[in-house]
Q: 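Below you'll find the structure I mean.
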Amino acid sequence: MTEQKTETALSSDPTEVRRQKLDQLRKTIGDVYPAHFHRTLTNAEFAEKYAGLEPDQESEDIVTVAGRVYSSRNSGMFMDIHDASGKIQIFSHKDTTPEEARALLPMIDLGDIIGVKGQVRRTKRGELTINAHEITMLTKTLLPMPEKYHGLADIELRYRKRHLDILTNEDSKLRFQQRSKIVSGIRRFMEGEGFLEVETPMLQTIYGGATADPFKTFHNTLKMDMYLRIAPELYLKRTLVSGLSDKVFEINRNFRNEGVSTRHNPEFTMMECYWAYADYEDIMGLVERLFEGLAVSIHGTPDVTFGDKQISFKGPFKRVPMPDAVKDVTGIDFLAIKTDEEARAAAKAAGFEVEKDWTWGECLAFIFEEKVEGTLIQPSHVTHFPKDISPFAKEVPGEPRLVERFETYCNAWEVGNAFSELNDPEEQRRRMVEQLEQAHARGEKDKQLDDEFLDAIDQGMPPAGGLGIGVDRLIMLLTNAPSIRDVILFPARRNKAD
RNA sequence: GAGAGCGUAGCUCAGCCGGUAGAGCAACUGACUUUUAAUCAGUAGGUCAUGGGUUCGAAUCCCAUCGCUCUCACCA
């Protein structure tokens, strides 16, 4: 005997057998990917509409639904089909389903997308079900579904083949639905506060507004280097100068050519806003209203579980000046230290390794990051940052080494950064030139002074509070996601040939 | 960039003090037919990430490469 297959025998290779079934279907029913099919309700609408149907009861109603086949029992007599909203059980029995429809059953594989028209009932066991009268093949699949019980567990495949992850992992699906809800919630909140959404360049000729390595590209027709933005800050401030609105915001991607980690993706979503005639304390209130409102909208309460921690987004958040926080933890009173040299000596005496050229402010910020940041689990505003590391913030009156800046920390992560925005044109120019010199000293030779921005500030920017929110991290906190890759649909990966 | 760990069937995982590859799900053939991770019997499916090395013999030990994960560094 040869190993040749007979006419009817199908291959046991899962993808090959699907191709064979597809060929057979093309011969018997024609169009396997029909363009027109309309359901009368979604699976969730179906479940809601017939929630009152008692077990072992039938409805007179005939409905049309559609979905992907997730489960098949008793040789296809029972099938579960899922659409994005939920699942429905389909029943095909010789007493209720015409021969023509049942003939399709052997051709249906797990993962195929079908449409079903039939009568509504609830089974004796309480499962809402449709007695199929017509079954329509809407999409024949060529690849098998991942294992039905465990779903797709391989972390690499979950990121590379996100469609399979969401198709089989309910928690992943929910998380991305929540992401969408959070982003639109931010937008609604900001609009409700009177902010106008604007869009500023992501492709920039001069990058600025933050300290980070950019992605560099080239515009062929203009014949010039361009950069993907590391921050929208300078353009949003130019918008504020314009008087288009006293309150502007933008939700969009920033790109930073730096390390990748569970909290860093090279492209990430930032919400940045500027509020004229407000200051950084007004912004603190804005952050608190935003965070608390989002937590409540997702969880129904400001109290959120993250891993083994309980986090309360109930405002107002704890507020602590950075020098006080450092003093509390290490005993070092930076406000009493006068010079950079003394600051380095004090840090060294406390066991910190400091660089020779560090300033007072750099020492303070370093010790804060080493000793305090990790303790900030509950949402907290850390205020009074050193001026040397804050080129866009106004001085604290009477304390020229500190600025009106705060960062909001939660679960030891920076999730927000805000200032009373510097609008003194001469001071702004001085600080940006200083930053530029430092950048060049570090070998960052692409960094340029943004004269168009400075020119706009010369025109007069109203006093304003500004804020940046790391949207992905906020979503992680609100959806209990341990990695930023769990909240970004298609996180950055190395290329890999399949 | 550094360190640690992982990579076995389409999917979820065993096997790893060296002796030539296993289960469940999915698939196929059939049985059964009001099931709920349906059940029962049978069949097929693997260059054990890739390339070298040690050995009579390597999924297993060693080296390199690729990919991933975690930690650290970088990231105001």
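Throughout, protein chains are lettered first and strands after them, A, B, ... in sequence-line order, and every chain is numbered starting at 1.
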Q: Checking the side chain of A:Arg179 only, and the main-chain atoms of A:Val487 only, is there a donor and an acceptor separated by less than 3.5 Å?
A: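 A pair under 3.5 Å: yes.
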Q: In whole angstrom, give me the gap between the C1' atoms of B:rU50 and B:rG7.
A: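 It comes out at 11 Å once rounded to the nearest Å.
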Q: Look at all strands and tell whether A:Leu164 reaches a base, only sugar-phosphate, or nothing, counting heavy atoms closer than 4.0 Å.
A: nothing
Q: Taking pairing as Watson-Crick or G-U wobble with both contacts under 3.5 Å, can you name the mate of B:rG24, or confirm there isn't one?
A: B:rC11
Q: Can you tell me how far P in B:rA2 sits from the matching atom in B:rA21, rounded to whole Å?
A: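 My reading of the P atoms in B:rA2 and B:rA21 gives 38 Å.
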Q: Please measure how far the C1' atom in B:rU8 lies from the corresponding atom in B:rG24, and state the result in whole Å.
A: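 It comes out at 15 Å once rounded to the nearest Å.
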Q: Which nucleotide wins on minimum distance to the side chain of A:Leu152, given the candidates B:rU34, B:rA76, B:rU12?
A: B:rU12
Q: In the strands shown, is B:rU29 matched to any nucleotide by a Watson-Crick or G-U wobble pair with both distances under 3.5 Å, and which?
A: B:rA41
Q: Reading nucleotides 37-42 of chain B 5' to 3', which nucleotides get B (base under 4.0 Å from a protein heavy atom), which S (sugar-phosphate only), which -?
A: BB----
Q: Without decimals, in angstroms, what is the distance between A:Leu143 CG and B:rA26 C1'?
A: 13 Å
Q: Without decimals, in angstroms, what is the distance between A:Lys161 NZ and B:rU12 P?
A: 11 Å
Q: Rounded to the Å, how far apart are A:Gln20 CD and B:rA44 C1'?
A: 13 Å
Q: Could you tell me the separation between the CG atom of A:Asp56 and the C1' atom of B:rU34, rounded to a whole number of Å?
A: 10 Å
Q: Report the residue (A:Thr211 or A:Leu110) whose heavy-atom-nearest nucleotide on RNA chain B is the more 5′ of the two.
A: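 That would be A:Leu110.
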Q: Write down the distance separating the C1' atoms in B:rA4 and B:rA58, rounded off to the nearest Å.
A: 24 Å
Q: Check ring pair (Phe, Tyr, Trp, His ring centres under 6.0 Å) between A:Phe91 and all other residues, then give those that pass, not counting sequence neighbours.
A: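 Scan of A:Phe91 (ring pair (Phe, Tyr, Trp, His ring centres under 6.0 Å), adjacent residues dropped) gives A:Phe78, A:His93.
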Q: With respect to the side chain of A:Asp109, which nucleotide from B:rC11, B:rA27, B:rU33 is positioned closest?
A: B:rA27
Q: Have a look at A:Gly209 and say if it touches a base, only the backbone sugar-phosphate, or nothing, with a 4.0 Å heavy-atom cut-off.
A: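 Base: the residue A:Gly209, judged by heavy atoms under 4.0 Å, touches a nucleobase.
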Q: Side chains of residues 111-119 of chain A: which donor-acceptor partners sit under 3.5 Å, not counting sequence neighbours?
A:
residue: A:Asp112; atom: OD1; partner: A:Thr141; partner atom: N; Å: 2.9
residue: A:Asp112; atom: OD1; partner: A:Thr141; partner atom: OG1; Å: 2.6
residue: A:Asp112; atom: OD2; partner: A:Asp109; partner atom: N; Å: 2.8
residue: A:Asp112; atom: OD2; partner: A:Lys140; partner atom: NZ; Å: 2.5
residue: A:Gln119; atom: NE2; partner: A:Glu58; partner atom: OE1; Å: 3.3
residue: A:Gln119; atom: NE2; partner: A:Ser59; partner atom: O; Å: 2.8

Q: Starting at CE of A:Met107 and ending at C1' of B:rA27, how long is that distance when rounded to a whole Å?
A: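 The answer, rounded to whole Å, is 13 Å.
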Q: What integer distance in Å separates A:Lys124:NZ from B:rU34:P?
A: 9 Å
Q: When you get a sec, tell me which of B:rU34, B:rU36, B:rC75 is the closest nucleotide to the side chain of A:Arg121?
A: B:rU34
Q: How about A:Tyr159 and A:Asp486: does a side-chain donor come under 3.5 Å of a side-chain acceptor?
A: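 Yes, A:Asp486 and A:Tyr159 have a side-chain donor paired with an acceptor closer than 3.5 Å.
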Q: Which nucleotide, in any strand shown, forms a Watson-Crick or G-U wobble pair with B:rC68, with both distances under 3.5 Å?
A: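 Per the H-bond distance test, B:rG5.
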Q: Taking the P atom of each, how far is B:rC62 from B:rU54, in whole Å?
A: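 It works out to 15 Å between them.
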Q: Restricting to nitrogen or oxygen on both sides, can you table the protein-nucleotides 68-73 of chain B pairs closer than 3.5 Å?
A:
residue: B:rC68; atom: OP1; partner: A:Arg160; partner atom: NH2; Å: 3.3
residue: B:rC68; atom: OP1; partner: A:Arg494; partner atom: N; Å: 3.1
residue: B:rC68; atom: OP2; partner: A:Arg494; partner atom: NH1; Å: 2.8
residue: B:rC68; atom: O4'; partner: A:Glu156; partner atom: OE1; Å: 3.3
residue: B:rC68; atom: O3'; partner: A:Arg493; partner atom: NH1; Å: 3.0
residue: B:rU69; atom: OP1; partner: A:Arg485; partner atom: NE; Å: 3.1
residue: B:rU69; atom: OP1; partner: A:Arg493; partner atom: NH1; Å: 2.7
residue: B:rU69; atom: OP1; partner: A:Arg493; partner atom: NH2; Å: 3.1
residue: B:rC70; atom: OP2; partner: A:Arg485; partner atom: NH2; Å: 2.6

Q: Please name the nucleotide paired to B:rG46 by Watson-Crick or G-U wobble geometry with both distances under 3.5 Å, or report none.
A: none
Q: Tell me every residue that passes ring pair (Phe, Tyr, Trp, His ring centres under 6.0 Å) with A:Phe385, counting only those two or more places apart in sequence or in another chain.
A: none
Q: Reckon A:Glu414 touches a base, only the sugar-phosphate, or nothing at all at heavy-atom distances under 4.0 Å?
A: nothing
Q: Would you mind reporting whether A:Thr408 and A:Ser380 have side-chain heavy atoms less than 4.5 Å apart?
A: no
Q: Under a 3.5 Å limit for both distances, which nucleotide forms a Watson-Crick or G-U wobble pair with B:rC17, could you say?
A: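 Looking at the geometry, B:rC17 pairs with no nucleotide.
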Q: Contact class for A:Lys21 vs. all strands (heavy atom < 4.0 Å): base, sugar-phosphate, or nothing?
A: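 Sugar-phosphate contact only - A:Lys21 comes under 4.0 Å of backbone atoms but never of a base.
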Q: Looking only at atom C1', what distance separates B:rA64 and B:rG22, rounded to whole Å?
A: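 The answer is 30 Å between these two C1' atoms.
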Q: Restricting to ring pair (Phe, Tyr, Trp, His ring centres under 6.0 Å), what partner residues turn up for A:Phe46, sequence neighbours left out?
A: A:Tyr50
Q: Output side-chain donor-acceptor pairs under 3.5 Å for residues 79-86 of chain A, partner residues at least two apart or in another chain, one line each.
A:
residue: A:Asp80; atom: OD1; partner: A:Arg73; partner atom: NH2; Å: 3.2
residue: A:Asp80; atom: OD2; partner: A:Arg73; partner atom: NH1; Å: 3.2
residue: A:Asp83; atom: OD1; partner: A:Ser85; partner atom: N; Å: 2.8
residue: A:Asp83; atom: OD1; partner: A:Ser85; partner atom: OG; Å: 2.7
residue: A:Asp83; atom: OD1; partner: A:Gly86; partner atom: N; Å: 3.0
residue: A:Asp83; atom: OD2; partner: A:Arg39; partner atom: NH1; Å: 2.8
residue: A:Asp83; atom: OD2; partner: A:Asn43; partner atom: N; Å: 2.9
residue: A:Asp83; atom: OD2; partner: A:Ser85; partner atom: OG; Å: 3.4
residue: A:Ser85; atom: OG; partner: A:Asn43; partner atom: N; Å: 3.4
residue: A:Ser85; atom: OG; partner: A:Ala44; partner atom: N; Å: 2.8

Q: For a quick check under 3.5 Å, do A:Thr383 and A:Arg319 share a side-chain donor-acceptor pair by atom type?
A: no
Q: What is the distance, rounded to the nearest whole Å, between atom CD1 of A:Ile389 and atom P of B:rC75?
A: 12 Å
Q: Under 3.5 Å for both donor-acceptor distances, Watson-Crick or wobble: does B:rU54 have a partner, and if so which one?
A: none
Q: How far, in whole Å, is B:rG15 from B:rC32 if one measures between their P atoms?
A: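 Between the two P atoms, the distance is 40 Å.
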Q: Report the residues that fulfil ring pair (Phe, Tyr, Trp, His ring centres under 6.0 Å) with A:Tyr409, sequence neighbours left out, ordered by chain and then residue number.
A: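 Residues passing ring pair (Phe, Tyr, Trp, His ring centres under 6.0 Å) with A:Tyr409: A:Phe368.
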Q: Tell me every residue that passes side-chain contact (heavy atoms from CB on, under 4.5 Å) with A:Asp340, counting only those two or more places apart in sequence or in another chain.
A: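 Listed in chain order: A:Arg344, A:Thr359, A:Trp360.
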Q: Any base atoms under 4.0 Å from A:Ala365, or only sugar-phosphate, or nothing? Heavy atoms, all strands.
A: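 Here A:Ala365 touches no strand at all.
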Q: Using the C1' atom in both, what is the distance from B:rU55 to B:rG19, to the nearest Å?
A: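 These two C1' atoms come out 12 Å apart once rounded.
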Q: Strictly distance-based, threshold 3.5 Å: is any side-chain N or O of A:Arg405 a donor or acceptor partner for the main-chain N or O of A:Val382?
A: no
Q: Hunt down the Watson-Crick or G-U wobble partner of B:rU60, both distances under 3.5 Å, from any strand shown, or write none.
A: none
Q: Write down the distance between CD (A:Gln24) and P (B:rC28), rounded to a whole number of angstrom.
A: 11 Å
